[in-house]
Amino acid sequence: MEHIVVNNISIEVEYKKIKNIHLSVYPPDGRVHISAPETMKPDSVRLYAISKISWINRQKENVLKQERQTPREYVSGENHYFKGQRYRLKVIYYNDIPKVRLEGKRFINLYVREGTTDNKRAEILKEWYRKELRETLSPLVEKWSQILQVIPKHWEIKQMKTRWGSCNTRTKRILFNLELAKKPTHCIEYIVVHELAHLIERQHNDRFMSILNIHMPQWEMYKDELNEFIV
């Protein structure tokens with residue numbers, strides 16, 4: 001990964017086996033990334049970045065204006081998300097094994113013993129998210145493995161900071177971000193298709209994009225939705 005600086009903006013430049021240059025601005029801090037064809041000269045990449053500086057500034061401004069998720073204390077009244085729906089957390093004290101239950105479409109009920117620490121409450125809720133996400137992912141992985149005619153050897157859920165998923169094409173091992181549990185099901189399905197498609201084509205090249213376009217024409221819309229903030 002290389003870096004260039006244009007108008008005091010640091011830009012990541014990654015050269016790939018692709019035909020066209022791609023420019024992206026990512027939350028939460030407005031990170032700027034360019035994917036460029038391997039045959040493109042550095043001077044041409046810089047000129048391209050200069051030509052797009054107004055667009056970059058607008059996108060960075062929009063990203064930085066977006067609200068961030070506030071720090072969680074895991075107390076009653078907090079907003080928490082599940083499958084794209086906002087819920088209120090309701091902490092209920094009782095003397096039994098901790099559990100999490102949905103109450104309609106309004107509340108996530110967290111049952112814990114009195115005196116349970118914030119960290120422990122967070123851990124209980126996280127494990128509930130993990131279980132629910134696994135139940136969502138399992139049929140989707142099976143469905144799209146058959147459609148794409150690929151066989152992943154193993155998949156699992158992991159807390160990740162910068163990716164929604166990853167695929168090791170050598171070991172055929174796929175990771176899904178635990179945070180997907182908070183996103184709508186169609187967004188989760190997009191990530192399943194995206195990662196399984198890497199078992200056909202490793203690079204984000206035209207062939208890879210055509211796989212997504214054929215099997216999930218709305219994938220770009222789902223990708224944008226995934227990168228919106230949860231508030």
Side-chain angles (χ1 to χ4, degrees), residues 12 14 18 20 22-35 52 55-72 78-89 102 105-106 108 125-126 128-145 147-148 155 157-167 174-198 201 204-206 208-231:
E12 299 173 346
E14 184 177 5
I18 54 177
N20 301 310
H22 300 283
L23 172 63
S24 303
V25 178
Y26 294 105
D29 55 0
R31 176 172 62 90
V32 184
H33 181 93
I34 289 177
S35 296
K52 296 292 185 179
W55 183 88
I56 291 172
N57 283 326
R58 287 197 303 272
Q59 294 302 309
K60 284 179 69 69
E61 184 179 355
N62 290 337
V63 165
L64 294 174
K65 279 181 179 178
Q66 290 177 314
E67 295 183 77
R68 273 77 168 168
Q69 181 171 309
T70 55
R72 295 301 187 232
E78 282 184 342
N79 288 329
H80 288 260
Y81 279 73
F82 176 60
K83 290 189 176 181
Q85 176 78 31
R86 184 172 64 182
Y87 291 82
R88 292 280 187 178
L89 185 66
L102 291 180
K105 293 187 177 180
R106 292 187 59 198
I108 296 177
L125 194 57
K126 181 182 289 188
W128 175 75
Y129 276 126
R130 187 183 302 277
K131 180 181 76 69
E132 293 292 330
L133 181 58
R134 181 169 293 278
E135 290 180 2
T136 300
L137 283 169
S138 187
L140 291 176
V141 172
E142 182 177 354
K143 167 188 170 182
W144 284 100
S145 294
I147 292 172
L148 297 175
W155 63 269
I157 297 165
K158 183 179 179 181
Q159 188 82 56
M160 294 187 279
K161 291 184 177 180
T162 59
R163 295 181 178 183
W164 292 113
S166 68
C167 176
I174 295 174
L175 298 178
F176 296 104
N177 192 336
L178 178 60
E179 292 297 306
L180 285 170
K182 301 173 183 178
K183 294 295 187 176
T185 302
H186 58 264
C187 290
I188 299 173
E189 188 164 13
Y190 156 64
I191 294 299
V192 170
V193 177
H194 182 112
E195 300 309 331
L196 287 175
H198 277 305
E201 174 53 60
H204 288 119
N205 55 21
D206 289 345
F208 180 85
M209 298 304 173
S210 70
I211 295 169
L212 295 184
N213 289 334
I214 290 169
H215 293 284
M216 187 171 278
Q218 307 93 338
W219 70 269
E220 290 184 282
M221 181 175 68
Y222 298 158
K223 180 182 178 182
D224 289 342
E225 188 174 351
L226 268 171
N227 289 324
E228 291 176 359
F229 282 95
I230 295 174
V231 296

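We number each residue from 1, following the sequence as shown. Since the structure is predicted, the reported quantities are computational estimates derived from the model, not experimental observations. Atoms considered below: every heavy atom in the structure, side chains included; atoms not considered: hydrogens, waters and symmetry mates.
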**Report entry** Value rounded to 0.5 Å, distance of CD1 in Ile108 from CZ in Arg88
**Finding:** 12.0 Å

Report task. Compare all side-chain heavy atoms of Glu225 with those of His186 and state whether any distance is below 4.5 angstrom. Result -> yes

**Report entry** Heavy-atom check, side chain of Leu140 versus side chain of Val193, under 4.5 Å
**Finding:** no

Query - Between Trp128 and Phe82, ring centroids under 6.0 Å - result: yes

Query raised in the report: If we only count heavy atoms from C-beta on, is the Lys183 to Tyr81 side-chain gap below 4.5 Å?
Result: no

Query raised in the report: For residues 211-220, which residue pairs qualify under salt bridge (Lys or Arg N to Asp or Glu O under 4.0 Å), counting only residues two or more places apart or in two chains?
Result: none

Query - Nearest-0.5 Å distance that lies between atom NZ in Lys131 and atom OG1 in Thr136 - result: 9.5 Å

Query raised in the report: Can you name the residues that form a side chain to side chain donor-acceptor pair (under 3.5 Å) with Glu135, not counting sequence neighbours?
Result: none

Requested in this report: For Arg130, enumerate each residue passing the salt bridge (charged side-chain N to carboxylate O under 4.0 Å, His left out) test, keeping only those at least two apart in sequence or located in another chain.
Outcome: Glu127

Query raised in the report: With under 30° as parallel and over 60° as perpendicular, where do the rings of His204 and His198 fit, or are they tilted in between?
Result: perpendicular

Query raised in the report: Quick one: side chain to side chain contact (heavy atoms under 4.5 Å, CB included) partners of Ser145, sequence neighbours excluded?
Result: Val141, Pro152, Leu196

Requested in this report: Rounded to the nearest 0.5 Å, what's the gap from OH on Tyr222 to CD1 on Ile188? Could you check?
Outcome: 12.5 Å

Query raised in the report: So do the side chains of Ile157 and Leu180 get within less than 4.5 Å of each other, counting heavy atoms only?
Result: no

Report task. Calculate, to the nearest 0.5 Å, the distance between atoms CD and CG belonging to Glu132 and Leu102 respectively. Result -> 6.5 Å

Report task. Find out whether Trp155 and Ser138 are in side-chain contact, i.e. whether some heavy atom of one side chain is under 4.5 Å from a heavy atom of the other. Result -> yes

Query raised in the report: Hey, does Ile191 have a side-chain heavy atom less than 4.5 Å from the side chain of Asn177?
Result: no

Query raised in the report: Who pairs with Gln59 by side chain to side chain contact (heavy atoms under 4.5 Å, CB included), at least two apart in sequence or on another chain?
Result: Val25, Trp55, Asn62

**Report entry** cation_pi(Lys182, Tyr129) dist<6.0 Å, angle<=45
**Finding:** yes

**Report entry** Partner residues of His215 under the side chain to side chain contact (heavy atoms under 4.5 Å, CB included) criterion, sequence neighbours left out
**Finding:** Trp144, Ile147, Leu148, Ile211

Requested in this report: For Lys52, enumerate each residue passing the side chain to side chain donor-acceptor pair (under 3.5 Å) test, keeping only those at least two apart in sequence or located in another chain.
Outcome: none

Requested in this report: Could you pull out all residues at least two apart from Glu201 that satisfy salt bridge (charged side-chain N to carboxylate O under 4.0 Å, His left out)?
Outcome: Arg207

Requested in this report: List in chain and number order the residues that pass side chain to side chain donor-acceptor pair (under 3.5 Å) with Trp219, two or more places apart in sequence or in another chain; answer none if no residue qualifies.
Outcome: Asn213

Report task. Using salt bridge (charged side-chain N to carboxylate O under 4.0 Å, His left out) as the criterion, list what pairs up with Lys126, not counting sequence neighbours. Result -> none

Query raised in the report: If every non-hydrogen atom of Val32 is compared with every non-hydrogen atom of Lys60, which pair is closest and at what distance?
Result: CG2-CD, 4.1 Å

Report summary line: Separation between CE (Met221) and SG (Cys187), nearest 0.5 Å, reads 8.5 Å

**Report entry** CZ/Arg163: more than 12 non-hydrogen atoms of other groups inside 6.0 Å
**Finding:** no

Query raised in the report: With a 4.5 Å limit on heavy-atom distance, are the side chains of His80 and Arg72 in contact?
Result: yes

Query - Residues forming a salt bridge (charged side-chain N to carboxylate O under 4.0 Å, His left out) with Glu189, sequence neighbours excluded - result: Lys143

Query raised in the report: Side chains of Val192 and Phe176: does their closest heavy-atom pair fall under 4.5 Å?
Result: yes

Requested in this report: Mind checking side chain to side chain contact (heavy atoms under 4.5 Å, CB included) for His22 and listing every partner two or more places apart, or none if nothing turns up?
Outcome: Ile18, Asn20, Ser35

Query raised in the report: Could you give the distance from CG (Leu175) to CH2 (Trp164), rounded to the nearest 0.5 Å?
Result: 14.5 Å

